Enquirer: 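Before anything else, here's the structure in question.
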There are 2 protein chains.
Amino acid sequence: MKNATISDIAKRAEVSKATVSRVLNSPEKVEQGTRLKIEQIMKELSYTPSATARNLSKQVSSTVGVIVPEISNSFFGELFSGIEEIVNKNDLSLLYCSNDDDEEKDMTALALMDTQRVRGVLYVPAVNYEAVGKRKEIERMLAALKCPVICIDRDIGLPFDTVHFDDKSALRQTVVTLAEKGCSRIAIINGNNRSNVLASERYEGYLEGLKEAGLPLDTSLVFHGEYHRGYAYETTKQLLKRKEQPDAVITCNNSLGRGYLQAVYEMGRQNTYTHVSLDRIEMLDILGISHNYIERDSFELGRRAAELLVGRIAFPERETQNILLEAPLIRETF
Amino acid sequence: MKNATISDIAKRAEVSKATVSRVLNSPEKVEQGTRLKIEQIMKELSYTPSATARNLSKQVSSTVGVIVPEISNSFFGELFSGIEEIVNKNDLSLLYCSNDDDEEKDMTALALMDTQRVRGVLYVPAVNYEAVGKRKEIERMLAALKCPVICIDRDIGLPFDTVHFDDKSALRQTVVTLAEKGCSRIAIINGNNRSNVLASERYEGYLEGLKEAGLPLDTSLVFHGEYHRGYAYETTKQLLKRKEQPDAVITCNNSLGRGYLQAVYEMGRQNTYTHVSLDRIEMLDILGISHNYIERDSFELGRRAAELLVGRIAFPERETQNILLEAPLIRETF
DNA sequence: CTGAAAGCGCTTACAG
DNA sequence: CTGAAAGCGCTTACAG
């Protein structure tokens, strides 16, 4: 059995389709008697208007696209939840697409958003761009999109509204605070600072912190690899064997933090260094293990991004907004 | 600037809209020369067909709806990832909606799916149904949906294809194994077995296990509360003070597992009971803390559900499938 | 307050 | 292989 249409209702109610449409869109313009009658019939036939038809006719969509690297990572899961909260409040729905931090999939995702004619897109760009050619292609696709785009979490220099955390300040602040508390050899385990914007931002903050604290840069304490657990695990194990020991270690994302912990616990060396992780690690709290972390509210990141989009939809001509969210350092062990 | 339409292309190429449409849908029916010319023009105008218009015209949608309780819970995040994998392979896109395990939101979500005319829905029903009236209403809405529905993770007795884990067997197996290894006083911390299907399934498994092992039911070891961390935390703290101690504790979801751990670690009593949690707790592995758990592959759950939907779309008349996934007990400490 | 008509961007028998 | 025309389910000026 097929869905009832506006024509079915019109026929049954002995009115025109226009009138039925009006009770949907501007009921105050319809005489009460006919309105009631039409509503009654709608109920009987359990009529619901087709969003597809409405969108085509009105030439706007009621859905918003979201592109994130991977939803099974809790950081993005929470980001997504924050987005949903605001999007639902504004009677929009959510089309989801992941990009796996891969530029090819990013392009596929963008193509989908285009063909779906979404109202706007909330976009966490893939950041493992090695090939500049693809990046250019992505920029072209973004420009071709006829809807507002909000760029989230990673600043890849696009001319859109943006929201991200101020990781650079957070890293700087962390280094300065560690130094104040007596650390002088501060190691950093980070992603690839050449191909990954996030990693280079964080590294810059680290450098600024050293300078501010009057500490020299010791490149033997700087580790740029992949944002994977295994990289931090191996690095930390090496570090533990060194002659010249650091006194503090900063891990620059949640996978690296886990790898670090895995290594120090495995070696029974959990109290060797002062450790600061980027993002809280909830399970440590649960186990009653104190730790230090840079706190980033990913729900809030999502909410702010979605609000930015809603604002942009309402005021297409307003100036580009760039929101920087604070990421405070939480100290529990030093 | 607006998107180019099929008419724009047709005009420029001096052919009819039908021909342009053909190069999109059945290019082999178009003479090579005209096809090439049209494709060229499409590129020049960076034309992409509107999914909205196409869906309306073809009377089918290319998007699939997903309703899950909350994406920020990693269990559902992983489930969702599994779904996405299959859905993308089949050239479908994903409309996301959460229900917060709340029946009101469940209805909102279903209404959205209806109005969006999705191709099918992957549905994890909210399970905190106190009011039977609402449940009936939800069943009515599901029946009214003109598309296939796959019911995931919770068997609420709906006449659809289903996939879930065999928690009942897993619990039975767990109790039997614990008994074999010498435990005789096995506590269970569970959700509300009256209002929550999952909780009652798990409790049944527990009861079966006791029977099979020849152990008596001691109701002072049975805890039915909320699936929240705080409930397990409080319960465990009480338990630790008791005179008559259990020798094993089973926690029936990941929040409860965390609450249990929080309590035993806080009291420094982490080795008091043999603990089995439902679902692996990754952080424990990382910290090198052995634990026992019932393993459920939530990615696989998502994949299977999506495959079921794809199959149902292809063969609408095939018999209802009910898939039960195994959830093996992994023992590390006993 | 209501209806006839055109239009949104596509697809698809039908005829040639 | 191609085009004219009708149709998908709505909305919206326009006229009354």
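Quantities reported herein were computed from a predicted structural model and do not represent experimental measurements. Sequence lines set the chain letters: A, B, ... in the order given, protein chains first and strands last, and positions in each chain run from 1. Just so you know, these numbers use all the heavy atoms, side chains as well, and skip hydrogens, waters and symmetry mates.
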Enquirer: Should the side chain of B:S57 and the base of D:dG7 be counted as holding a donor-acceptor pair, with the cut-off at 3.5 Å?
Expert: yes
Enquirer: How long is the line joining NZ of A:K58 and C1' of D:dT12, in whole Å?
Expert: 10 Å
Enquirer: Does the pair B:R154/B:D101 count as a salt bridge with the N-to-O cut at 4.0 Å?
Expert: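 Salt bridge: yes.
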Enquirer: Among side-chain atoms of B:S81 and A:E70, is any donor-acceptor pair under 3.5 angstrom?
Expert: no
Enquirer: What is the nucleic acid contact for B:N25, judged by heavy atoms within less than 4.0 Å: base, sugar-phosphate only, or nothing?
Expert: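 Answer is sugar-phosphate: B:N25 comes under 4.0 Å of backbone atoms only.
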Enquirer: Tell me which of A:N3 and B:R22 sits closer to the 5' end of DNA chain D, going by the nucleotide each one is nearest to.
Expert: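 The answer here is B:R22.
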Enquirer: Using a cut-off of strictly less than 4.0 Å, decide whether A:Q59 has a side-chain nitrogen or oxygen near OP1 or OP2 of C:dG7.
Expert: no
Enquirer: Measuring to OP1 and OP2 of C:dG3, would you say a side-chain N or O of A:S16 lies under 4.0 angstrom away?
Expert: yes
Enquirer: Are any of the side-chain nitrogens in A:R303 or A:E85 under 4.0 Å away from the carboxylate oxygens of its partner?
Expert: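 Yes, charged N to carboxylate O under 4.0 Å.
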Enquirer: Using whole Å, report how far CG of A:L56 lies from C1' of C:dT11.
Expert: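 Checked: the CG to C1' distance equals 13 Å.
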Enquirer: When you measure from every atom of DNA chain C, which of residues 31-47 of chain A have a heavy atom less than 4.0 Å away?
Expert: A:E31, A:T34
Enquirer: Between A:E31 and A:R35 (salt bridge meaning N to carboxylate O under 4.0 Å), is one present in this structure?
Expert: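 Looking at A:E31 and A:R35, the cut-off is not met.
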Enquirer: Quick one about B:D114 and A:T48 (side-chain donor to acceptor, distance below 3.5 Å, no hydrogens or angles considered), yes or no?
Expert: yes
Enquirer: At 4.0 Å (heavy atoms only), tell me whether B:T5 reaches a base, stays on the sugar-phosphate, or touches nothing.
Expert: sugar-phosphate
Enquirer: What integer distance in Å separates A:K17:NZ from D:dT11:P?
Expert: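 Interatomic distance, NZ of A:K17 to P of D:dT11: 10 Å.
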Enquirer: Measure from NZ on A:K2 to C1' on D:dC8 and round the result to the nearest Å.
Expert: 8 Å
Enquirer: Counting the atoms with a prime plus P, OP1 and OP2 as sugar-phosphate, which does B:V15 contact under 4.0 Å by heavy atoms, base, sugar-phosphate, or nothing?
Expert: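 Contact class for B:V15: sugar-phosphate only.
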Enquirer: Measure the distance from NZ on B:K29 to C1' on C:dT11 and round it to the nearest whole Å.
Expert: 11 Å
Enquirer: Quick one: sort the B:F80 and A:F80 rings into parallel, tilted or perpendicular, breaks at 30° and 60°.
Expert: tilted
Enquirer: Can you tell me if B:R54 touches the phosphate of C:dT11, counting only side-chain N or O atoms and a distance under 4.0 Å to OP1 or OP2?
Expert: yes
Enquirer: Using a cut-off of strictly less than 4.0 Å, decide whether B:T19 has a side-chain nitrogen or oxygen near OP1 or OP2 of D:dT2.
Expert: no
Enquirer: Among side-chain atoms of A:S98 and B:E84, is any donor-acceptor pair under 3.5 angstrom?
Expert: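 Yes, B:E84 and A:S98 have a side-chain donor paired with an acceptor closer than 3.5 Å.
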Enquirer: Around B:E28, counting heavy atoms of other residues, nucleotides and ligands shown, do more than 12 lie under 6.0 Å from its CD?
Expert: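 Enclosed.
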Enquirer: Does atom NZ of A:K146 have more than 12 heavy-atom neighbours from other groups under 6.0 Å away?
Expert: yes
Enquirer: From CG of B:N55 over to P of C:dT12, roughly how many Å is that when rounded to an integer?
Expert: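 Nearest whole value for this atom pair: 12 Å.
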Enquirer: So what's the dot-bracket for DNA chain D: Watson-Crick or G-U pairs under 3.5 Å, [ ] if a pair crosses, | if it pairs off-strand?
Expert: |||.||||||||.|||
Enquirer: Taking for each residue the nucleotide of DNA chain D with the nearest heavy atom, is it A:S7 or B:A18 whose nucleotide lies nearer the 5' end?
Expert: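 Looking at the nearest nucleotide for each, B:A18 comes out on the 5' side.
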Enquirer: Tell me: CD1 of B:I6 to C1' of C:dT12, nearest whole Å?
Expert: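 Nearest whole value for this atom pair: 12 Å.
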Enquirer: Are any of B:S21's side-chain N or O atoms less than 4.0 Å away from OP1 or OP2 of C:dT11?
Expert: yes
Enquirer: Which of these, B:D161, B:L301, B:T162, B:L308, sits in a side chain to side chain contact (heavy atoms under 4.5 Å, CB included) with B:I323?
Expert: B:L308
